[in-house]
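Per chain, numbering begins at 1; letters A, B, ... match sequence-line order. Everything numeric in this text was worked out from a predicted model, so none of it was measured.
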2 protein chains.
Amino acid sequence: MALSREQIVDAAWGILHSYGLGDLSMRRLAKELGVQPGALYWHVANKQELLGVLAQRMVAPLSELTFDDAVPPLERAAHLTGEFRSLILAVRDGADVVSVAHSISPEELNPAPELATLVTGSGVSRETAMATALTLIRFTLGSVTTQQTREAMGLDTSSSEAEFTAGVELVLHSR
Amino acid sequence: MALSREQIVDAAWGILHSYGLGDLSMRRLAKELGVQPGALYWHVANKQELLGVLAQRMVAPLSELTFDDAVPPLERAAHLTGEFRSLILAVRDGADVVSVAHSISPEELNPAPELATLVTGSGVSRETAMATALTLIRFTLGSVTTQQTREAMGLDTSSSEAEFTAGVELVLHSR
DNA sequence: ACCTGAACACCGTTCAAGT
DNA sequence: ACCTGAACACCGTTCAAGT
């Protein structure tokens, strides 16, 4: 059977989860799939494109998320940011991968649009709301990058979650 | 004359400024210094240690910074965060390099301690002040990572500074 | 003390040639 | 259409051996 783009993405997803970005090489991927390295380039343009697809897959579950309308908007925004953090934290070097995807289209990548909408519901302009959304996302990426770097080095990360929660509160409860 | 650790760091600093992290390899560094790659390992333990020294050098000017006591503490904190941003922004891939250094010792790396002291002066506990400092630093690292990734890709970065300033205000003017 | 030479175990990407 | 074989131009790190 012919090699497919899906197969490549699935294998890459597996390596990223189990061994991290350092072990996710095109050559290793090819070996895992039983093909020559060059074969991959018929299905994907390059490694960067592949990482972009993986980033999309990481944040995809955010679209399926629904919230109780009774909960205040800012509280839902805080929860959504927490979900975003959990998803990238669950993948080794997830923050590095998602950071590049966010850089390419900051306002389109989940959860930016949803976050902006929620913050708008608290009575500020769309611009201020988007600024808040970008701040939350970039703070989260900075936090998770730090945490995952520490994890990779075997350092203590017990205070990471509390520091993250405190930061989200600081951003959200301002005027 | 014998090769020195300083010479290696200076050459690495030059390559990082001019060509970025992608071109800063131990082999390229050795070639630039006219020695074999293995020679470097007599002076530095490994590449990571070298990057750590470069990160320290990037944020070192923050220690020499002084502020007018008439300016309110939170305003000085905002200014210090802006200086931190400028320093890492001036070096290609500066955010990637400083992120690792911050991960290793978040509370010690400049400008964390100074920032925490300034925020304490606005009437909150030392713990809350440190949380604010870490939030500012991680948001800044997230922001500059985004901007430098976009610069490397030739994408527009004209809104980066405004987004950064807005984020700092959100973090600092909260309660 | 300090460095060379040479190796080990890798990278991403391209592309003529095969099926 | 899809893949192999082989190459190009690289990596970080180690370590016996030389000076």
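Position along DNA chain C of the nearest nucleotide to Arg27(B) versus Arg28(A) favours Arg27(B) as the more 5'-ward residue. If you find the closest nucleotide of DNA chain D to Asn46(B) and to Leu40(A), the one lying nearer the 5' end belongs to Leu40(A).
A distance-only check finds no donor-acceptor pair linking the side chain of Gln147(A) to the backbone of Leu89(A) [under 3.5 Å]. Checking side-chain atoms of Thr128(A) against main-chain N and O of Val124(A) turns up no donor-acceptor pair under 3.5 Å.
Of the P atoms belonging to dA9(C) and dC10(D), the separation is 23 Å, rounded to the nearest Å.
At the heavy-atom level, Ala39(A) lies under 4.0 Å from base atoms of the strands shown.
Distances from the side chain of Met26(A) to the nucleotides dT13(D), dC2(C), dT13(C) place dT13(C) closest. With distances taken from any side-chain atom of Leu3(B) to the nucleotides dC2(C), dC3(C), dG12(D), the minimum falls on dC3(C). Of all nucleotides listed (dG12(D), dT13(C), dC3(C)), dG12(D) comes nearest to the side chain of Tyr41(B). Of the candidates dG12(C), dG5(C), dA7(C), the closest approach to any side-chain atom of Gln36(B) belongs to dG5(C).
Rounded to an integer number of Å, the gap from CD of Glu49(A) to P of dG12(C) is 15 Å. When rounded to the nearest whole Å, the span between CZ of Arg5(A) and C1' of dA1(D) equals 17 Å. Tyr19(B) places its OH atom 17 Å from the C1' atom of dC10(D), with the value rounded to the nearest Å. dC2(C) atom P lies 16 Å from atom CG of Leu33(B), rounded to whole Å. Spacing between atom CH2 of Trp42(A) and atom P of dA17(C) amounts to 20 Å, rounded to whole angstrom units. Rounded to whole Å, the distance from CD1 on Ile8(A) to P on dC2(D) is 11 Å. The separation between Gln7(A) atom CD and dC2(D) atom C1' is 13 Å, rounded to whole Å.
Figure legend: Arg92(A) and Tyr19(A) shown without cation-pi pairing, the cationic atom not lying both under 6.0 angstrom from the six-membered ring centre and within 45 degrees of its axis.
Not one side-chain nitrogen or oxygen of His43(A) sits closer than 4.0 Å to the OP1 or OP2 atom of dA1(D).
Screening Ile8(B), Asn46(B), Val44(B) for a side chain to side chain contact (heavy atoms under 4.5 Å, CB included) involving Met26(B) leaves a single residue, Val44(B).
Asp23(A) has a carboxylate O that lies under 4.0 Å from a charged side-chain N of Arg28(A), or vice versa, which qualifies the two as a salt bridge.
Atom CD of Glu32(B) sits in a crowded spot, with more than 12 heavy atoms from other residues, nucleotides or ligands closer than 6.0 Å.
Hydrophobic cluster membership is shared by Val91(A) and Leu62(A), with clusters built from Ile, Leu, Val, Met, Phe, Trp and Tyr side chains linked at under 4.5 angstrom.
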Pairing string, 5' to 3', for DNA chain D - Watson-Crick or wobble contacts under 3.5 Å, brackets [ ] where pairs cross, | to another strand: ||.|||||...|||||.||

